[in-house]
Amino acid sequence: MTALTLHYHPLSSCCQKVLIAIDLLGVEVDKRLLDLGNPAERDAWLALWPTGKMPLLVDQGRPVPESSIIIEHLQHSHAAGGRTLIPHDAADALDVRLWDRLFDLYVMTPMQAFTADLLKPEGDRDPRSVARARDTLSMAYAMIDRRLEGRTWVAGDAFSMADCAAAPALFYAATYLPLPPQRVQLSAYFERLMDHPSVAAVIDQARPYFKFYPGRAGLSRRFFDPTAA
């Protein structure tokens with residue numbers, strides 16, 4: 001049994017970000033599926049990590065929270081064969097961390113606002129918050145599209161932590177606000193992400209759970225066939 005335990009759910013975008021990194025860093029992790037619908041399991045989880053957020057890495061009894069921190073910890077202490085997702089050069093590392101944060105804050109966060117609104121009873125939904133989330137995503141799509149001019153990956157020549165953040169964030173965001181056809185660089189980048197073996201494996205692991213995703217109506221048939229759910 002490995003000393004590393006990841007508490008996660010395969011449907012979660014934040015968990016997917018870490019799962020992609022785990023694969024690319026070549027780290028052996030004991031994965032524990034969280035069932036927060038089970039009151040006893042939820043209580044045990046909150047006792048372990050009071051914020052209730054996932055994923056959570058436990059390294060020899062020490063909790064390591066938050067997706068970006070988990071990835072940095074894994075690279076620093078457990079990566080196989082010198083594999084990296086954050087460059088050693090300080091300026092390049094800051095660029096990766098910047099784009100990691102931009103995807104988390106301006107793609108993943110508004111995407112989650114759409115999901116949260118769908119989970120509310122019909123009479124409690126907030127069209128204004130959804131409209132703000134849509135505006136934020138539109139801004140982010142344009143910003144990322146400009147950034148990708150002449151680039152394969154979003155921060156440097158190699159796939160990095162920023163791309164780990166981008167893959168699940170864009171995957172789910174596009175179910176609520178499809179990538180505009182005029183964002184040619186962004187659309188091409190999305191396809192490169194989906195074709196990347198580590199990303200494709202994580203999407204495949206989540207596939208059995210897509211029927212529970214509130215935004216499943218926006219999923220492409222190549223990812224989810226509702227007639228087979």
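For clarity, every value in this text was computed on a predicted model and none was experimentally measured.
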**OP:** Inspect the surroundings of CZ in Arg222 and state if more than 12 heavy atoms from other residues, nucleotides or ligands are less than 6.0 Å away.
**Re:** yes
Subject >> Test: Asp126 and Lys120 ion pair at under 4.0 Å >> reply: no
Subject >> Pairing of Arg62 and Asp59 as salt bridge, 4.0 angstrom limit >> reply: no
Original post:
Taking the six-membered ring where the residue is Trp, are the ring centres of Phe224 and Phe171 under 6.0 Å apart?
Top reply: no
Subject >> Side-chain touch Val29/Thr5, heavy atoms, less than 4.5 angstrom >> reply: no
**OP:** Measure the spacing between OH of Tyr213 and CG of Leu118 and express it to the nearest 0.5 Å.
**Re:** 8.0 Å
**OP:** Evaluate the side-chain proximity of Leu36 to His9: yes if any heavy-atom separation is below 4.5 Å, no if none is.
**Re:** no
Subject >> Non-hydrogen side-chain atoms of Arg146 and Glu149 separated by less than 4.5 Å >> reply: no
Subject >> hydrophobic_cluster_shared for Met111 and Met54, side chain cutoff 4.5 Å >> reply: no
**OP:** Please check if the side chain of Ser160 supplies one atom and the backbone of Pro87 the other of a donor-acceptor pair under 3.5 Å.
**Re:** no
**OP:** Decide, yes or no, whether a salt bridge links Asp95 with Arg147 under the criterion of side-chain N to carboxylate O below 4.0 Å.
**Re:** yes
**OP:** Scan side-chain atoms only and decide if Thr115 and Tyr172 contain a donor-acceptor pair under the 3.5 Å cut-off.
**Re:** no
Original post:
Any side-chain donor-acceptor pair under 3.5 Å between Ser68 and Lys17?
Top reply: yes
Subject >> Note: Glu66-Lys53 ion pair, threshold 4.0 Å (strictly below) >> reply: no
Original post:
Looking at side-chain heavy atoms only, is the closest gap between Tyr8 and Arg32 below 4.5 Å?
Top reply: no
Subject >> Value rounded to 0.5 Å, distance of CG in Leu19 from CD1 in Ile70 >> reply: 9.5 Å
**OP:** For residues Leu177 and Leu137, report the shortest heavy-atom separation together with the two atoms involved.
**Re:** CD2-CB, 3.7 Å
**OP:** Run the salt-bridge test on Asp195 and Arg192 with the 4.0 Å N-O cut-off and return the result as yes or no.
**Re:** no
Subject >> Aromatic plane relationship, Phe103 with Tyr189 - under 30° parallel, 30 to 60° tilted, over 60° perpendicular >> reply: tilted
Original post:
Less than 4.5 Å apart, any side-chain heavy atom of Trp99 and any of Ile144?
Top reply: yes
Subject >> Minimal non-hydrogen separation, Pro226 against Arg221, with atom names >> reply: CD-NE, 3.4 Å
Original post:
According to the interplanar angle, ranging from 0 to 90°, do the rings of Trp45 and His7 count as parallel (below 30°), tilted (30 to 60°) or perpendicular (above 60°)?
Top reply: tilted
**OP:** Evaluate the side-chain proximity of Val202 to Pro168: yes if any heavy-atom separation is below 4.5 Å, no if none is.
**Re:** no
Subject >> Side chain to side chain, Glu72 and Arg97, heavy atoms closer than 4.5 Å >> reply: yes
**OP:** Kindly indicate whether the side chain of Asp30, heavy atoms from C-beta on, has any atom under 4.5 Å from the side chain of Leu4.
**Re:** no
